[in-house]
Amino acid sequence: MDTDQVRARVETVPDPELPMVTLADLGVIRSVREDADRVVEVVVTPTYLGCPALPVMEADLRTVLAECGHPDGRVTWALSPAWTTDWISERGREQLAAHGIVPPGDAGAPLPVRLGLGRPCPNCGSVATRPLGPFGSTGCQTILVCTACRESFPHMKAV
């Protein structure tokens with residue numbers, strides 16, 4: 001397969017922790033290119049260095065490269081610029097919301113003034129939400145609770 005075909009296939013790889021979104025929709029796939037030595041390289045920016053899913057991401061990408069006829073393809077980690085939740089695509093945000101995970105807001109926005117209004121509850125829409133705990137099922141999420149319907153739900157942290 002040529003580089004464009006490989007790119008199309010690589011962009012379908014799901015995130016190991018949030019399989020409802022692809023790595024491309026999370027914005028971690030930076031490029032797919034052929035180097036001067038004719039080796040196809042996928043450049044990835046991790047969401048954060050402590051993410052336990054990094055080895056699985058790399059293995060999944062290497063598998064796709066091999067399936068595309070590039071068993072010697074490379075996965076390179078690019079650490080600068082650092083990943084930001086602003087790189088999540090609109091489709092990725094829609095997929096997170098469709099699965100009950102409140103997508104992050106603008107990472108560059110000023111810190112909100114807390115007047116008892118939080119992220120909208122995906123169950124009832126109320127903004128009467130508050131943090132329940134700093135950690136969710138993955139390191140990039142936190143758990144919020146809605147004081148209106150009393151349901152808890154995950155929220156992806158803005159970075």
Side-chain angles (χ1 to χ4, degrees), residues 1-35 37-109 118-123 129 131-146 151-159:
M1 288 187 187
D2 67 23
T3 306
D4 290 337
Q5 292 169 315
V6 173
R7 179 188 338 270
R9 180 68 178 85
V10 161
E11 289 180 349
T12 66
V13 174
D15 179 74
E17 290 184 312
L18 303 168
M20 73 290 287
V21 292
T22 65
L23 294 177
D25 283 333
L26 278 180
V28 301
I29 303 292
R30 306 309 305 156
S31 67
V32 178
R33 61 182 178 219
E34 187 175 281
D35 280 350
D37 57 1
R38 306 197 49 87
V39 173
V40 174
E41 176 183 47
V42 179
V43 179
V44 180
T45 297
T47 54
Y48 71 102
L49 288 177
C51 178
L54 295 181
V56 177
M57 283 183 199
E58 184 169 345
D60 290 349
L61 291 168
R62 287 185 186 279
T63 297
V64 168
L65 287 170
E67 290 171 353
C68 291
H70 300 278
D72 298 326
R74 282 193 293 262
V75 176
T76 302
W77 299 98
L79 305 180
S80 179
W83 179 82
T84 170
T85 50
D86 289 344
W87 292 356
I88 299 174
S89 71
E90 190 58 39
R91 190 174 87 136
R93 292 174 187 279
E94 291 169 3
Q95 289 297 314
L96 290 171
H99 287 81
I101 299 173
V102 177
D106 182 1
R119 305 297 299 173
C121 173
N123 302 304
T129 61
L132 182 62
F135 304 107
S137 61
T138 65
C140 58
Q141 296 179 43
T142 187
I143 300 296
L144 302 179
V145 65
C146 176
E151 291 290 330
S152 61
F153 59 92
H155 169 250
M156 192 166 186
K157 300 173 190 172
V159 180

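Atoms considered below: every heavy atom in the structure, side chains included; atoms not considered: hydrogens, waters and symmetry mates.
- Using a 4.5 Å heavy-atom cutoff, the side chains of I101 and Q141 are in contact.
- Side-chain atoms of E58 never come within 3.5 Å of backbone atoms of P55 as a donor-acceptor pair (strictly under, hydrogens ignored).
- Put simply, CG on L23 and OG1 on T12 are 9.5 Å apart, with the number rounded to the nearest 0.5 Å.
- Of all heavy-atom pairs between M156 and L26, the closest is CE-CD2, 4.0 Å.
- Atom CZ of residue R119 and atom NE2 of residue H155 lie 4.5 Å apart, to the nearest 0.5 angstrom.
- In terms of heavy-atom proximity, V32 sits nearest to I29 at CG2-CG2, 4.3 Å.
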Quiz item: Are C140 and T47 close enough, and set up right, to give a side-chain contact (heavy atoms from CB on, under 4.5 Å), and what steps lead you there?
Solution: CA-CA 8 Å; C140 58; T47 54; 5.7 Å; no
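- Not one N or O on the side chain of T129 forms a donor-acceptor pair closer than 3.5 Å with the backbone of C121.
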Quiz prompt | Audit row: F153, V102, side-chain contact (heavy atoms from CB on, under 4.5 Å) steps and yes/no | solution = CA-CA 8 Å; F153 59 92; V102 177; 3.4 Å; yes
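- Counting heavy atoms from C-beta on, the side chains of R62 and P71 never come closer than 4.5 Å.
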Exercise. Show your reasoning for whether side-chain contact (heavy atoms from CB on, under 4.5 Å) applies to V44 and T76.
Key: CA-CA 6 Å; V44 180; T76 302; over 6 Å; no
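- The closest donor-acceptor contact from the side chain of S80 to the backbone of A82 lies at 3.5 Å or more, if one exists at all.
- Distance alone, capped at 3.5 Å, places no donor-acceptor pair between the R33 side chain and the V39 backbone.
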Quiz item: What's the verdict on side-chain contact (heavy atoms from CB on, under 4.5 Å) for M57 and D15, showing C-alpha distance, side-chain angles and the deciding distance?
Solution: CA-CA 7 Å; M57 283 183 199; D15 179 74; 3.4 Å; yes
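- The distance from the CG atom of L144 to the CG atom of L132 is 8.5 Å, given to the nearest 0.5 Å.
- A donor-acceptor pair is defined here as one N or O able to donate and one able to accept, closer than 3.5 Å; such a pair exists between the side chain of T45 and the backbone of A78.
- W83 does not carry R30 over the face of its six-membered ring by the limits of under 6.0 Å from the centre and within 45° of the normal.
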Practice problem: Quick one: do D35 and R74 satisfy salt bridge (Lys or Arg N to Asp or Glu O under 4.0 Å)? Show the steps, please. | Solution: CA-CA 10 Å; D35 280 350; R74 282 193 293 262; 2.3 Å; yes
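- Shortest non-hydrogen contact noted between V13 and V64 is CG2-CG2, 3.5 Å.
- Taking all atoms of both residues into account, the shortest heavy-atom contact from L54 to P46 is CD2-CB, 3.5 Å.
- Interatomic distance, CD of E41 versus CG of D72, reported as 13.5 Å (0.5 Å rounding).
- Minimum heavy-atom separation, T85 to A158: OG1-CA, 3.4 Å.
- One distance of note links OG of S152 with CD1 of I143; it measures 6.0 Å at 0.5 Å rounding.
- Here the side chain of R93 pairs no donor or acceptor atom with the backbone of P103 at under 3.5 angstrom.
- Not a single donor-acceptor pair under 3.5 Å links the side chain of T84 to the backbone N or O of W87.
- For H99 against Q95, the heavy-atom pair with the smallest separation is ND1-O, 2.9 Å.
- Annotation: the span from H70 atom NE2 to T3 atom OG1 amounts to 6.5 Å, rounded to 0.5 Å.
- The shortest distance between side-chain heavy atoms of I88 and D25 does not fall below 4.5 Å.
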